[in-house]
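Residue numbering restarts at 1 for every chain, and letters A, B, ... go by the order of the sequence lines. Being a predicted model, the structure only gives us computed values, none of them experimental.
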Amino acid sequence: MSRVRTRAPLWLLLPAAVVLGGLFLYPMYQLGLLSVLDFTQAQVSGGQPTRFVGAENYTRLLTDSRFWDVLLATVLFAAACVLATLAVGAGLAVLLTRVSRIPRLMLSLAAMAAWAVPAVSGSTTWMFLFDTDLGFVNQLFGIEGFNWLYDRYTAFGLVGAVVVWASFPFVMVTLYAGIEAVPKSVLEAAALDGAGTWRTFWQILVPILRPVLAIVVIQSIIWDFKVFTQIWVMTRGGGLAGQNLTLNVYAYQQAFASSEYGRGAAIGVVMMLILLAVTVVYLRALRRSGEQL
Amino acid sequence: MRAGRRVLDIVAVLIALVTVFPIYWMVLSAVKPAGEIQSLDQRPWTLAPSLDAFRRVLAVNDFGRYLLNSLIVALVVVAISGLIAFLAAVALTRFRFRFRTTVLVTFLIAQMVPIEALTIPLFFLVRDIGGVVPGVGLNTLGALMLVHTAFTLPFAIWMLRGFVSAIPDELDEAAQLDGAGRFTVLWRILFPLVAPGLAAVSVFSFIHAWNDFLFARTFIISEADNQTLPMALLVFFKPDENDWGAIMAASSLMTVPVLIFFLVVRRRLVAGLGGRSRIDTPTSCGTGGARHRRRFSGRLAHRPGPPGRGLPAGPVARGRGAAGRLRRRAVLRPADPGTTGVAGTVRPHRGRTPVRVAGCAARRGPALHARTRCPAIR
Amino acid sequence: MRLRLAAAAALALTITACAPSTSAPSTAASDGGPRTGALKVWLFDEPNRGPKEAVIKEAVTEFTAAHPDTTVDVQYIAVDTRSERFKGAFNDPASAPDVVEYGNTDLPEYATAGGLADLGAVVSGWPEGADLTAEARASATYQGTLLGVPWYLGVRALYYRTDVFSELGLKPPATLAELTTTARAIRAARPELFGVAVGGKYTYGAMPFVWAHGGDLTSIDSAQSRAGLKAYTDLIAEDNCPPQNCADLTGGKTVELFASGKAAMGILGNFNRAAVDAGTAKGKYAVVPLPGVTAGSIAPAFAGGNNLGIMRNAQRPALAADFLTLLAGRKYQAKMYDAMGNLPTLKPASDEVAAKDTFVKPFIDTIGAGTRFVPLDPGWGKIDASAVLPTMIEKVATGKAGVDEATTEAAELIDEALTR
């Protein structure tokens, strides 16, 4: 099997193409279609005729000042979560390579346990831990009555912590495994040349792990930008006066919960385009540095 | 150095405890008697554990049935999406064809759409499919399997791509030289080597299928027997109703199967995720001074090379595969990074001569892929 | 690369003139469908539904005894997922049940989706149908068509702690203004207590204040509505229920506060009795109607409740009608009160219950004084889902906006949703 032009990739790709073509491309095409229609439950069940509204769903969305506020909050929140997840994950991955066996086993098992917890369960548990009166954390620090969700930033901070808690294990395990795969001789050579931990990390590990990092970064961006469950559960649907809304929750609130599929489709398309733009910029940067898809 | 290490050990243990604490709290709250949960004096232990909360949750009709449904869906999705993703990943890494990048980016785009936006088109699609194929229409577990497979595929393909490309092409080539057909190469050489990667991917697929509420409540309308576990437990997820004991018991019950799955695949997971990193090291293979890329995969361990063979110590990659005629152990012995490329041994047939594999991939610039036999190893 | 990306995007977003799938509008079976077989019934699931299930089992036994060769397949639907289940049943006739329980605020949405059958003929042919009050009928009528039979009501009244009141020498408030002064007096004397538990997300607790002042949801920026909203949000303050604790409370959380003894008063429903009795407030509370603006008046309460309806896609509408009238009849309404504390909608049943249990009196009085309802418009679902009212209350309660600003903003959103 070599990189030659044959028909082989066709039959290898066929199952994926059938499943994805049918269950992804077709619905995505429908998504684009719905976004230019007035399409609610009444239209779905045939109670009212479908109406073509052109760009109305989009103009309504783009002229909605709340949408821009939410978009800004989402971008900043997602960026913070991605950076925090990468920093924590990478830091702990390096830590894992430098500790004894038992602590390493404990940390990796703990991380996998956090990874395994379903988002609903995890969010609810953290919510209980940080409950104003009944929460263990408040009682531990003697700040009973302190409401973490009252202030916009503490609320985002708490939700962000849960997001990082749930997503750092993937980064940590992936990078740890990647670091372990680096030949010891390379690291030894670096040490002989007098490189410290910091320099070794940035100048040796990061370049070597770039392909892994690429996936980790892209996936983190996609996941954190679309964060829903944690916000929905912990801030009870967007926080005080909607101060903790993110785009996905906003889309749900504004469109899907009240079956306004046309409007929801428009939000979906806009979200997709934003994510696509971010990812393309990142992929280009990768290409410039010599990686390729 | 020793003291430093001990400090790091302590730090690691502390972080582990902090990480696992919410889970401990979840289980603890589930077994605390009602009075202690509502207490303004929470203690991180309980002296009177009670299973009341679990009893309340398990009183859900047909709990076992829902658990089984969820497990079946998740495991089938893991198997099918892993298999399809493997084939697609091979196509995307072992072959160059037009629109390869397009296909890849499409897989990324597919993950960017908010799923809620797709439910209505999918609803009608599934309804219509159900009219033709009875097992996968509305109200069936088949519908859930189908849709989850589709939703886990893009990520699975993206992940697996890395694993497959980390396996040296020379392995396939050597096996083909040895007379193995394309199918044999796929199943007997590549598949076992990618297995740890599949384990890593399966974790994501399992979690995705297991945690789903959206499709379960969209597609399973009237068939109570085909309900999934999260749906049945949803009635307890009401922080408003203040039954924290039941909420925590339901949470614990939802978490346990995923935890078990994690424990089962844990070893392969770490091995798998590690295998996907390709390693750039300057070598003197081929044209002097050019940067060369060595790729190896599998579980890596240091093992001294056989003396007198000219192969110095290096990581060993092991692929374990299915039993049968072609039971094999692919042993790669990358030579010293300073001198050579990849060397390895494939033993495809029991009792047959092991095939020696040697080669390295040279790369000059992002676009050009020149492959040269590595002259350093014979 | 650029070209390929464009191709990928185009692939994903191709838009042609092809229409999306929809369901064809269905028509009700005119002959009433088969009289035998399995009748499919959807009822709401509740965390402790044991007593409800027992009553339903009894009704099913009675029904199957009277209807040979029938079975009743009852499914309990989680309230959180009702929306998807109902939509699914509207869109896929084969999955549709026959009889359904649904929340009366969901009526307009289901009605515009064309999912519910007209019950006009069923109710007029049902002897007990005449006992339905005009108000109850109106709450199940959409654009002139009766689409459900009100099964039970839930209304809210003022719970207060008798021990705290007697200790401080207080009387239950007779007006909303007195409610505020009483609440502040309690908080001043017992700083560990909240005077009255109120919450920013507790819309149905806030609306009586607006209605009592003469305002309404459809004119939330009128002077009367603003006065009512101000009266409510003034309670979310340090001297009663500090914003830190109360600004984001839901109705359920105020129940928790009252039940656990952290609040001296609470605006709770008749359906919250069991929760309160499970807490430390048990045996130390009494209930009066929530007072209005003038002494002796009662603030209009929100008439929440559930209806029983028949799906338009039902396969056995005639059998469904028989089961529905059995379940909605006096006998089982009274049994449902005993089991779940649900207030009957039929006059004879509610009289029977009131005679039996003095606890219901303030709630019956509240209903008697006139209840109000949310706008019967599919736009309401949108207003509710996008949290227009909680956002408005929370903005005022946290000082992010003044009453005028917040109500103006909310009024725009409400108008937009209702006129679409």
Side-chain angles (χ1 to χ4, degrees), chain A residues 24-25 28-50 52 60 66 132-134 145-147 149-151 155 235-243 245 250 252-262 265 269 272-273 276 280 283-284 287 293, chain C residues 1-2 5 8-9 11-26 83 86-87 90-91 109-115 200-201 242-248 250 257 260 262 378-387 390-398 400-401 406 417 420:
Chain A
F24 242 119
L25 291 184
M28 294 228 305
Y29 147 74
Q30 290 257 321
L31 181 75
L33 181 61
L34 291 187
S35 74
V36 293
L37 297 175
D38 177 27
F39 200 71
T40 64
Q41 181 56 34
Q43 277 82 22
V44 176
S45 50
Q48 281 169 26
T50 309
F52 178 76
R60 264 182 55 182
R66 286 230 293 161
T132 311
D133 296 305
L134 300 178
F146 180 78
N147 185 350
L149 301 172
Y150 184 70
D151 180 75
T235 70
R236 299 203 193 90
L240 267 179
Q243 64 182 6
L245 280 173
Y250 184 71
Y252 185 80
Q253 237 195 28
Q254 294 296 314
F256 302 118
S258 45
S259 311
E260 291 197 27
Y261 301 109
V269 169
M272 198 178 82
L273 291 178
L276 190 60
V280 165
L283 287 179
R284 281 177 166 260
R287 250 159 68 99
L293 267 180
Chain C
M1 178 83 174
R2 181 172 297 161
L5 280 177
L11 208 64
L13 287 175
T14 334
I15 293 164
T16 62
C18 185
S21 309
T22 55
S23 284
S26 56
S83 170
F86 272 83
K87 282 186 233 162
F90 296 159
N91 298 343
E109 195 192 331
Y110 297 165
T112 43
K201 291 196 199 300
Q244 266 272 346
N245 303 87
C246 303
D248 62 348
T250 55
L257 283 181
S260 64
K262 279 213 72 165
W380 170 255
K382 162 94 177 168
I383 296 167
D384 193 29
S386 53
T391 303
M392 173 185 80
I393 301 171
E394 286 167 355
K395 276 195 171 164
V396 179
T398 56
K400 287 191 168 76
R420 265 199 86 215

**Study point:** Spatial distance of atom CG (C:D248) from atom CG (A:L149) [nearest 0.5 Å]
**Key:** 6.0 Å

Exercise for review: Heavy atoms only, distances under 4.5 angstrom: which of C:S260, C:A397, C:P243, C:A406 has the most pairs with chain A? Name it, please.
Suggested key: C:P243

**Study point:** Proximity breakdown for A:F39 and chain C, heavy-atom pairs closer than 4.5 Å
**Key:** side chain

Review point. For A:Q243, which residues count as a side chain to side chain donor-acceptor pair (under 3.5 Å) partner, sequence neighbours excluded?
Key: C:K400

**Study point:** Contact origin within A:D151 toward chain C - heavy atom pairs under 4.5 Å
**Key:** neither

**Study point:** Atom pair CZ/OG of C:F86 and A:S259 - distance to nearest 0.5 Å
**Key:** 13.0 Å

Point to revise | Portion of A:L240 that has a non-hydrogen atom of chain C nearer than 4.5 angstrom | key: both

**Study point:** chain A contact via C:P378 - which portion, at a heavy-atom distance below 4.5 Å
**Key:** neither

Exercise for review: Between chain A and each of C:K201, C:E109, C:K262, C:M392, count heavy-atom pairs under 4.5 Å; write down the option with the most.
Suggested key: C:K201

Revision key, fill the gap. Okay, C:Q244 and chain A: the region with an atom under 4.5 Å from a heavy atom over there is both

Revision key, fill the gap. In short, C:E394 meets A:G242 closest at the heavy-atom pair OE1-N, 4.4 Å

**Study point:** Distance-minimising heavy-atom pair for C:A385 and A:Q253
**Key:** O-CG, 3.2 Å

**Study point:** Separation of C:S386 OG from A:E260 CD (nearest 0.5 Å)
**Key:** 8.5 Å

Review point. Under the side chain to side chain donor-acceptor pair (under 3.5 Å) test, which residues partner A:Q254, sequence neighbours left out?
Key: none

